[in-house]
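Chain letters run A, B, ... following the sequence lines, proteins first, then strands; residues in each count from 1. All values derive from a computational prediction rather than experimental measurement.
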Protein chains: 2
Amino acid sequence: MREFRSKLRVLLIDDNADHLRGVKELITLESCYDVVGATTSANIGINLAKKYRPDIILMDINMPEKDGLQAIQDIEKLGLNSKIIALSGYDDADLIFRAMKLGAKGYILKTMASAQLIYAIDEVAAGKIYLPSALSSRFFEYFQRSFKEEAVSSDTENLLTYLTAREEEVLDLLTQGNNYKGIAGKLFISETTVKTHVNNIFQKLQVNDRTQAVLYALNNGFANKRKTKMAV
Amino acid sequence: MREFRSKLRVLLIDDNADHLRGVKELITLESCYDVVGATTSANIGINLAKKYRPDIILMDINMPEKDGLQAIQDIEKLGLNSKIIALSGYDDADLIFRAMKLGAKGYILKTMASAQLIYAIDEVAAGKIYLPSALSSRFFEYFQRSFKEEAVSSDTENLLTYLTAREEEVLDLLTQGNNYKGIAGKLFISETTVKTHVNNIFQKLQVNDRTQAVLYALNNGFANKRKTKMAV
DNA sequence: ATTGGAGTAAATCTTTGGGTTGATATTTTG
DNA sequence: CAAAATATCAACCCAAAGATTTACTCCAAT
């Protein structure tokens with residue numbers, strides 16, 4: 001897999017000029033890395049990323065001008081294969097979580113020793129994901145808390161279990177935005193039959209209309225082929 | 001925080017009797033741990049957990065009788081403060097992800113050295129989360145892949161951006177299952193005005209009815225106070 | 001000063017949705 | 001086998017939702 005290319009190309013984006021300079025010198029000292037760009041502007045950084053397609057991008061995510069997280073997202077959308085390492089002054093769980101969610105391959109604190117910075121770059125360059133164990137713990141606490149409510153809320157009885165197979169089919173089509181006619185057509189039954197099913201669904205889910213039925217379904221694990229999401 | 005209690009209590013659940021015995025001996029050798037139970041049955045294990053409320057539970061998640069992941073969920077629901085460490089023969093990303101999602105404080109492979117097992121227990125007992133770096137990488141790859149599709153799908157224009165502030169308010173109430181009357185009452189405007197807004201929303205989102213509007217909103221990042229979820 | 005967007009509202013009309021009752025065939029299950 | 005649950009359909013009615021048009025006010029941009 002190692003190609004013929006001699007050095008891995010690194011792009012630095014950090015609005016603190018002093019820190020930027022320091023990191024640049026530090027990385028330049030490493031024989032295997034080549035700093036192809038260093039800028040204090042997120043927008044310029046994004047353009048440099050487009051231009052040079054660096055192997056590694058060190059991105060400060062606490063910048064005033066443009067949100068560093070947004071910048072990560074923008075760069076990820078470009079579909080370059082650059083590996084982004086988030087640089088931050090804070091070990092805030094939410095920041096870490098969001099950075100990782102957006103595709104950052106690492107997250108390091110500015111206060112960390114320079115040796116650790118190099119180590120992180122090495123690891124990420126090697127295709128791994130680098131999170132110092134302290135931050136990793138933060139991440140997992142946050143991660144697990146995000147799912148806690150789910151588990152708790154699911155102790156209330158799930159009314160979906162009372163639906164018959166046919167009713168589930170109908171509900172599934174409801175959650176795809178179909179009206180009576182659409183459902184009737186797709187299930188090859190009459191519209192009045194669909195109405196009967198839908199009415200039974202309303203009774204069982206204890207709701208008054210289709211919108212509430214759809215919401216109940218989506219909020220109570222009616223997964224059916226639907227991509228569900230998590231709060232950003 | 002350290003209490004007057006001398007030893008931390010550990011419960012072992014592993015359907016492989018040999019492995020169970022080995023781990024039990026290993027842990028008993030450690031002066032700071034006390035094995036309060038060791039069973040090859042997940043169900044018995046759950047009952048032992050209820051009875052002893054151990055500090056640490058080592059749970060094998062590859063058991064035929066009962067799914068170990070299910071057992072983790074069951075124990076978590078009991079609301080004991082036991083910290084569960086998942087034990088597995090496989091470093092499957094999906095398994096790791098699901099175990100952590102269910103609240104496991106650690107995940108270790110049966111093939112790992114005994115010193116590492118003890119280290120993991122120490123770390124978890126100290127309130128940290130322990131994932132060997134190799135597994136941690138697996139986890140993050142899986143984690144980021146789960147969010148990839150989201151980011152990609154969002155390259156299609158988000159029609160929600162065209163909504164006015166008022167329309168967003170109305171849509172928000174729609175996504176809570178309100179009808180015209182309910183929305184009118186909550187916004188202190190007439191029902192006909194609500195209809196106007198809703199119709200404008202339909203135009204802008206290019207949908208035909210409220211259910212489709214709600215679905216569009218939920219599928220396109222209309223987060224508004226709503227707990228969103230992620231596929232299990 | 002005036003244009004345009006946003007929010008408000010009413011009138012009208014058509015379609016869809018929701019509730020009810022009752023009927024029949026099929027399947028499940030005790 | 002008999003009883004119960006499920007799936008099918010019809011006819012009915014009323015309420016709610018959706019489409020369209022018109023119009024007034026306020027506010028911001030020019």
Side-chain angles (χ1 to χ4, degrees), chain A residues 157-226, chain B residues 157-226:
Chain A
E157 189 180 29
N158 192 341
L159 300 175
L160 289 172
T161 58
Y162 297 132
L163 299 183
T164 67
R166 197 56 160 174
E167 285 161 359
E168 281 185 7
E169 279 187 89
V170 172
L171 181 54
D172 184 39
L173 291 170
L174 276 183
T175 62
Q176 288 168 35
N178 291 285
N179 57 14
Y180 287 137
K181 198 179 299 183
I183 297 173
K186 271 155 194 155
L187 295 182
F188 304 107
I189 55 180
S190 85
E191 217 173 310
T192 56
T193 304
V194 177
K195 285 194 179 191
T196 307
H197 286 311
V198 170
N199 267 294
N200 291 334
I201 291 171
F202 291 166
Q203 301 300 319
K204 293 187 179 178
L205 301 188
Q206 297 165 25
V207 297
N208 304 312
D209 56 47
R210 63 176 58 218
T211 307
Q212 289 175 6
V214 167
L215 288 170
Y216 185 93
L218 299 183
N219 285 323
N220 291 83
F222 195 73
N224 291 35
K225 304 151 211 157
R226 184 175 164 272
Chain B
E157 190 180 29
N158 192 340
L159 301 175
L160 290 172
T161 58
Y162 297 132
L163 299 183
T164 67
R166 197 56 160 173
E167 284 161 0
E168 280 186 7
E169 279 186 88
V170 173
L171 180 55
D172 184 37
L173 291 170
L174 276 182
T175 62
Q176 288 168 32
N178 292 284
N179 58 17
Y180 287 136
K181 197 180 300 183
I183 297 173
K186 272 156 195 153
L187 295 182
F188 304 108
I189 55 180
S190 86
E191 217 173 311
T192 55
T193 305
V194 177
K195 285 194 179 190
T196 308
H197 286 312
V198 170
N199 266 292
N200 291 334
I201 292 171
F202 291 167
Q203 300 301 319
K204 292 186 179 179
L205 300 187
Q206 298 166 24
V207 298
N208 304 313
D209 57 48
R210 63 177 57 219
T211 307
Q212 288 174 8
V214 166
L215 289 170
Y216 186 93
L218 298 183
N219 285 323
N220 289 85
F222 196 71
N224 293 34
K225 305 152 212 158
R226 184 174 164 274

Find every protein N or O atom lying less than 3.5 Å from an N or O atom of nucleotides 4-7 of chain C, and list the pairs.
from, atom 1, to, atom 2, distance (Å)
dG7(C), OP1, Arg166(B), N, 3.1
dG7(C), OP2, Thr164(B), OG1, 2.5

Check: Looking at residues at least two apart in the chain, or sitting in another chain, which of them share a side chain to side chain contact (heavy atoms under 4.5 Å, CB included) with Thr192(B)?
Finding: Ser190(B)
Item checked: Non-neighbouring partners of Gln203(A) that pass side chain to side chain contact (heavy atoms under 4.5 Å, CB included), sequence neighbours left out -> none
Checklist line | Positional range of nucleotides in DNA chain D within the contact set of chain A, heavy-atom, under 4.0 Å | finding: dT6(D) to dA10(D)
Check: Looking across every strand, which nucleic acid part, if any, lies under 4.0 Å from Ser190(A) by heavy atom: base, sugar-phosphate, or nothing?
Finding: sugar-phosphate
Checklist line | Residues which pass salt bridge (Lys or Arg N to Asp or Glu O under 4.0 Å) with Glu169(B), listed by chain and number, not counting sequence neighbours | finding: Arg166(B)
Check: What distance do Leu205(B) atom CG and Asn220(B) atom CG have between them, rounded to the nearest 0.5 Å?
Finding: 8.5 Å
Checklist line | Interatomic distance, Thr164(A) atom OG1 to Asn200(A) atom CG [nearest 0.5 angstrom] | finding: 8.0 Å
Next item on the list: Please report how far the helix from dA1(C)-dT30(D) to dG30(C)-dC1(D) bends, comparing the axis fitted to its first five pairs with the axis fitted to its last five, to the nearest 10 degrees.
Entry: 50°
Note to self: How would you summarise protein contacts on nucleotides 17-30 of chain C per nucleotide, using B for base, S for sugar-phosphate only and - for none, with heavy-atom distances below 4.0 Å?
What the structure shows: BBB-----------
Note to self: Suppose the criterion is salt bridge (charged side-chain N to carboxylate O under 4.0 Å, His left out): which pairs have a residue in residues 193-216 of chain B, not counting sequence neighbours?
What the structure shows: Glu167(B)-Lys204(B)
Checklist line | Selection residues 182-193 of chain A - residue pairs positive for salt bridge (charged side-chain N to carboxylate O under 4.0 Å, His left out), sequence neighbours left out | finding: none
Note to self: Are the side chains of Val214(A) and Val214(B) in contact, using a 4.5 Å heavy-atom criterion?
What the structure shows: no
